[in-house]
Novice: 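So that we are looking at the same thing, I have put the structure below in structure tokens.
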Amino acid sequence: MTARELSVPGLAYGGDYNPEQWPEEVWAEDVRLMREAGVNMVSVNIFAWALLEPSQGSYDFSRLDRILGLLQENGIAADLATPTAAPPAWFFRAHPEALPVDKDGRTLSYGSRQTFCPSSPAYREAALRIARVLGERYADHPAVVMWHIHNEYGCHNGECYCDTSAAAFRVWLRKKYDDLAALNHAWGTTFWSQWYYDWDEIIPPRPTGAVPNPTHQLDWRRFCSDALLSLCEAERAVLLEAAPATPATTNFMVMYNFDKLDYWRWAPELDIVSNDHYLQSTDPESQIDIALSGDLVRSLAGGRPWLLMEHSTGAVNWQPVNRAKTAGELRRNALAHVAHGADGIAYFQWRAAKAGAEQWHSAMLPHAGTDSQIWRDVVQLGADLRALAEVRGSTGVAEVAVVWDWSSWWAVELPSQPSEEVRFQDLVRAWYEPLWRSGVAVDFVRPDADLSSYKLVLAPSLYLVDDEGAANLTGFAERGGVLAVGFHSGAVDENCHVRLGGYPGAFREALGVRTDELFPLLPGESLGLSDGGTAELWSERVALAGAEAVTSYTSGPLTGVPAVTRHTHGTGTAWYVATRPDPTTLASLLDRIREEAGVRPVRTTPEGVEAVLRRGPDADYLFLINHGDEEAEVEVAPQALELLTGKGLAEGGGPVRVAAGDVAVVREPR
Ligand code: GLA
């Protein structure tokens, strides 16, 4: 298969362009301003199904023809979407059975978007029909450089509990288990008399009197992700047939709280991985969320560059209180995504809507028009991205891998765990933060990934792991790597069955410890640690079985029991962090662990200055993002050039000065 790549030169810049929201007189101004801002690619047609297909099988492409023609005339490329995220009202009147049913059994109504059952045959047929007609019509259109399949799969309909979904779930289960006895064993259905004698007895894990079976719930989550993936694959196949050379993407949502899709399974199905990222108003350090999500998306893309398909210029409209961005934040946010591997920056949306559900969402062109801070920032960003054109294609340089697994995330947050306070993303973020603060580059990996290029592998939360993944991780330490594992990891296998003989099950031997009982802590409760820190959230009665204690509890029922251990395993080292140390203690622990692994920061910078490196064929690109309140100085290599200003730096090297809130991107020749 030839690689299908994006043919936009330099870095892509633009946003969702929804001209159908406006009278045609406005479009000329749109493209004029796009050119002024340096926009070179927009996503069109995402929510235009109702206008394209006024009734089943009758099409009106005239508006889209004109839009694409206008973009082409103005040298702006189109990322052309299949409009399948928002089926028209006529479709639901003809197919009320395609409406989704929520967990509580309520059938949801049309009148919004993404309100369809992922397993509905009628929806699939209608979606593939419009995708095919669109693909065939625009396959050779010169403006079209990429297909944007659907929009944020699963955003509003990640799970549907209707009878059609139930039947599709059974088909999925039959394929996975083949025979019913295998399913019964995997699910442990002798417990509470849940044994199934007939496939038709199996239903989605709907609300019931007590806790549903955990493996049933876990397989359900896997099925729901796969049900949507199969729609994406089907659209992809139709488009590929129509336009074999055009790359396709769908926009992921690797961001806080969206946990519906196992993107490790999705990413390989796409030519280009793209992501949407929005700030949480309640997160005082959202720059860390941007970095983490960027690293995760780059990792999903197999280390190749990716596209930021959506973020916001200012406030969103879907949080309880929607915070505007402060001075310089738009620029820092966008360039941070580039630093973490994005080769394109786009927004939701081009022009702020006057009507409709998102009228209070910011855009590139705000309600206030061009005499506005946002517009000035948008124009500036266009110039910045042009100045950074040469970073396109450059990649990350991580020596540290952090294990991220969706099944494990789902499993550890199922009901009836030892503590419902254990949240996968919180733990990953807690471990990621000190690395980010130290300027250490990070990739994310699946448990079974090739780890040979890393010096240090961290598994902050890996409750569920299969034998292969566990052997891969412990083998990494055995062969000389440094592995650090967080509490309650390795506890269950891929079917959620507890690994017997003591915790942390799959990692017990490599870590040289054995825990016989778990002692999760209550919210607000903390224990003293022998290194002067405190422990929160979790403790367990760890006994040493070859490991040494690095830190022990100094208070509570486990006084004297190890909280952090270190074990020589093969020619490497395996650390167990059996609690959640307070942030300062965790930071110094991770410093020690990474020093032992020989992992260096990409650059040492003053506090608040993020340093990220992208590696090109002949040069490194050092991104310095000053999130702090003071000007900072950072040493750089001789003959370095600051790309945003075009200024060469002092002969013999730096320093480069980065003003408070500013960004510098330094090309360092290699
Ligand atoms: C999502 C959607 C967009 C828009 C934005 C608003 O990312 O894909 O259509 O609704 O949210 O933040």
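All ligand and atom numbering here is 1-based and tracks the order in the structure.
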Novice: Within the supplied structure, the quantity of interest is the number of heavy atoms (other residues, nucleotides, ligands) at a distance under 6.0 Å from E420 CD; does it exceed 12?
Specialist: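 Result for CD/E420: open.
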
Novice: In terms of the angle between their ring planes, are Y153 and H150 parallel, tilted or perpendicular, with boundaries placed at 30° and 60°?
Specialist: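 Parallel: the ring planes of Y153 and H150 meet at under 30°.
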
Novice: For a distance cut-off of 3.5 Å, show me each N or O of ligand 1 paired with any protein N or O, plus the separation.
Specialist:
residue, atom, partner, partner atom, Å
ligand 1, 7 (O), E152, OE1, 3.2
ligand 1, 7 (O), E152, OE2, 2.5
ligand 1, 7 (O), E310, OE1, 2.4
ligand 1, 8 (O), N151, ND2, 2.7
ligand 1, 8 (O), E152, OE1, 3.1
ligand 1, 8 (O), E152, OE2, 3.4
ligand 1, 8 (O), E310, OE1, 3.1
ligand 1, 8 (O), E310, OE2, 2.7
ligand 1, 9 (O), R113, NH1, 2.9
ligand 1, 10 (O), R113, NH1, 3.2
ligand 1, 10 (O), R113, NH2, 2.8
ligand 1, 10 (O), E358, OE1, 3.2
ligand 1, 10 (O), E358, OE2, 2.3
ligand 1, 12 (O), W318, NE1, 2.7
ligand 1, 12 (O), H361, NE2, 2.6

Novice: Within the 4.5 Å heavy-atom criterion, are L108 and N157 side-chain neighbours or not?
Specialist: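 L108 does not reach N157 side chain to side chain.
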
Novice: Before accepting this row, confirm whether a basic side-chain N of the pair R304/D343 lies closer than 4.0 Å to the acidic partner's carboxylate O.
Specialist: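 A salt bridge is absent here (no side-chain N lies under 4.0 Å from a carboxylate O).
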
Novice: Taking everything shown except D140 itself, do over 12 heavy atoms lie less than 6.0 Å from its CG?
Specialist: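 For D140, atom CG is not crowded (no more than 12 foreign heavy atoms under 6.0 Å).
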
Novice: Take atom CZ of R376 as the centre, draw a 6.0 Å sphere, and report whether it contains more than 12 heavy atoms from other residues, nucleotides or ligands.
Specialist: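 Atom CZ in R376 is packed in, count exceeds 12.
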
